[in-house]
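These numbers come from the heavy atoms of this one structure, side chains and all, not from hydrogens, waters or symmetry mates.
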Amino acid sequence: MATNSQVVATFDEKLDATTLTSVTFTLTGPGTTAVAGTVSHDTSITTAVFTPASGLEADTLYTATLATGIEDAAGNALSNAFAWTFTTDLVAAVGEPVFLGTAGDFVILAKTAISTTGTTAIVGDVGLSPAAQSYITGFSETLDASNEFATSAIVTGKIYAADMATPTPAKMTSAIGDMETAYTDAAGRTSPDFTEVGAGDISGMTLTPGLYKWGTGVSVNSDVTLNGGSNDVWIFQIAEDLTVASGVQVTLAGGALPENIFWQVAGQATLGTTAAFNGIVLSKTQVVLDTGATASGRLLAQTAVTLDANAVTAP
């Protein structure tokens, strides 16, 4: 079973949706460790779905359990608890998207600082942890009355930081943990389809879906096209920096979607002046957007994100 899968249970009659909870449908891992997640159902309320809060461990035995608290629409409870086990895949499949967990709730997420100058426009939520709100600069944000989040004229969404009111600190700890897990997943994918393409210079290329690996940095000095369908996945494993030159576009063709494109960057990711970019950046260090650069995707950095009059939009 894939490490980013949901766990599904199908019943032969309609259920009482209120009895499908994280108490009655549970998942445990090694040593009966509870897996955090949410429980939902399909429109017919005959299928229950457990969605892990973050990716499951590879090559690991898990146990799913349905408790007797689950009832059908007539109020009849399960006569006995039911449990089953499954083992996750040895490694995540090459063609699977990287599971972002709660990090995917943010268009920009960082650990040490988020700053902007100029006329920036962000669509999606912004989050910072473990650094405090004071390390979010240039947003002129206003705290909500709850103190759980802030708003800004340049953000169509909410701004969260580690020192805001409960439950925000826990929310941010989870998101940062999921970001780091996603980075490890992307970096750990094996059996690349393409290695050392262009000796690290992919300028002017059209790239088909797959897993790409470089032992160097990657530079993009003229327009690049990612050509594939809406279900296709690109994962770029970059051992050093990613540098997109000023004015260069990373464009999509054939129905390709930015949410299925993952740029795992061990160094710094830099988008030059007025560059146009697509995909999710998972940076071990910093993400920098120079003046006027735009991005459709997510900027997830394990240090800081620095903006200058940019448009950043969640996919």
What distance separates [X] [atom1] from [Y] [atom2], expressed to the nearest 0.5 Å?
X      : Y      : atom1 : atom2 : value
Leu211 : Asp193 : CG    : CG    : 6.0 Å
Glu141 : Ile154 : CD    : CD1   : 9.0 Å
Leu20  : Ile45  : CG    : CD1   : 8.0 Å
Gln302 : Tyr183 : CD    : OH    : 7.0 Å
Asn231 : Leu257 : CG    : CG    : 8.0 Å
Ile202 : Asp223 : CD1   : CG    : 11.5 Å

Passing candidate, side-chain contact (heavy atoms from CB on, under 4.5 Å) with [X], options [options]:
X      : options                : value
Pro209 : Ile261, Val233, Asp232 : Asp232
Trp263 : Val250, Leu300, Leu282 : Val250
Glu71  : Thr18, Thr19, Leu15    : Thr19

Hey, quick one: are [X] and [Y] part of the same hydrophobic cluster, counting side-chain heavy atoms closer than 4.5 Å, chains of contacts allowed?
X      : Y      : answer
Phe82  : Phe86  : yes
Ile122 : Leu299 : yes
Met172 : Phe139 : no
Leu226 : Phe262 : no
Val197 : Ile235 : no

Check: [X] side chain, [Y] main-chain N or O, donor-acceptor pair, under 3.5 Å:
X      : Y      : value
Trp234 : Leu207 : yes
Asp241 : Gln268 : yes
Thr88  : Asp59  : yes
Trp214 : Ala199 : no
Gln237 : Arg189 : yes
Ser222 : Gly204 : yes
Thr51  : Gln6   : no
Asn310 : Asp308 : yes
Thr181 : Gly177 : yes
Thr270 : Val288 : no

Evaluate the side chain to side chain donor-acceptor pair (under 3.5 Å) criterion for residues Asp201 and Ser203: first the C-alpha distance (whole Å), next the side-chain angles of each, then the deciding distance (0.1 Å), finally the verdict.
CA-CA 6 Å; Asp201 184 348; Ser203 305; 2.4 Å; yes
Does [X] reach the side chain of [Y], with side-chain heavy atoms less than 4.5 Å apart?
X      : Y      : result
Val218 : Phe236 : no
Val39  : Thr21  : no
Leu242 : Phe277 : yes
Thr116 : Ile114 : no
Ile176 : Leu109 : yes
Thr306 : Gln286 : yes
Lys158 : Glu148 : no
Thr28  : Thr65  : no

Might you point out which heavy atoms bring [X] and [Y] nearest each other, and give the distance in Å?
X      : Y      : value
Leu66  : Phe11  : CD1-CZ, 3.7 Å
Ile136 : Ala161 : CD1-CB, 4.1 Å
Val248 : Val220 : CG1-CG1, 3.7 Å
Phe194 : Thr208 : CZ-OG1, 3.7 Å
Gly124 : Val155 : O-CG1, 3.5 Å
Arg298 : Ala314 : NH1-CB, 3.9 Å

How about [X] and [Y]: does a side-chain donor come under 3.5 Å of a side-chain acceptor?
X      : Y      : value
Thr102 : Asp178 : yes
Ser146 : Asp144 : yes
Glu240 : Thr216 : no

Taking the six-membered ring for Trp, are Phe25 and Trp84 parallel (under 30°), tilted (30 to 60°) or perpendicular (over 60°)?
tilted
Those residues at least two apart in sequence (or on a different chain) that pass ring pair (Phe, Tyr, Trp, His ring centres under 6.0 Å) with Tyr135 are none
Tell me, please, which residues at least two apart from Lys111 pass salt bridge (charged side-chain N to carboxylate O under 4.0 Å, His left out).
Glu180
For Gln264 and Val98, run side-chain contact (heavy atoms from CB on, under 4.5 Å): C-alpha distance rounded to whole Å, both residues' side-chain angles, the deciding distance at 0.1 Å, then the answer.
CA-CA 10 Å; Gln264 175 263 311; Val98 176; over 6 Å; no
Run the numbers on Val305 and Val312 for side-chain contact (heavy atoms from CB on, under 4.5 Å), then give the verdict.
CA-CA 12 Å; Val305 173; Val312 183; over 6 Å; no
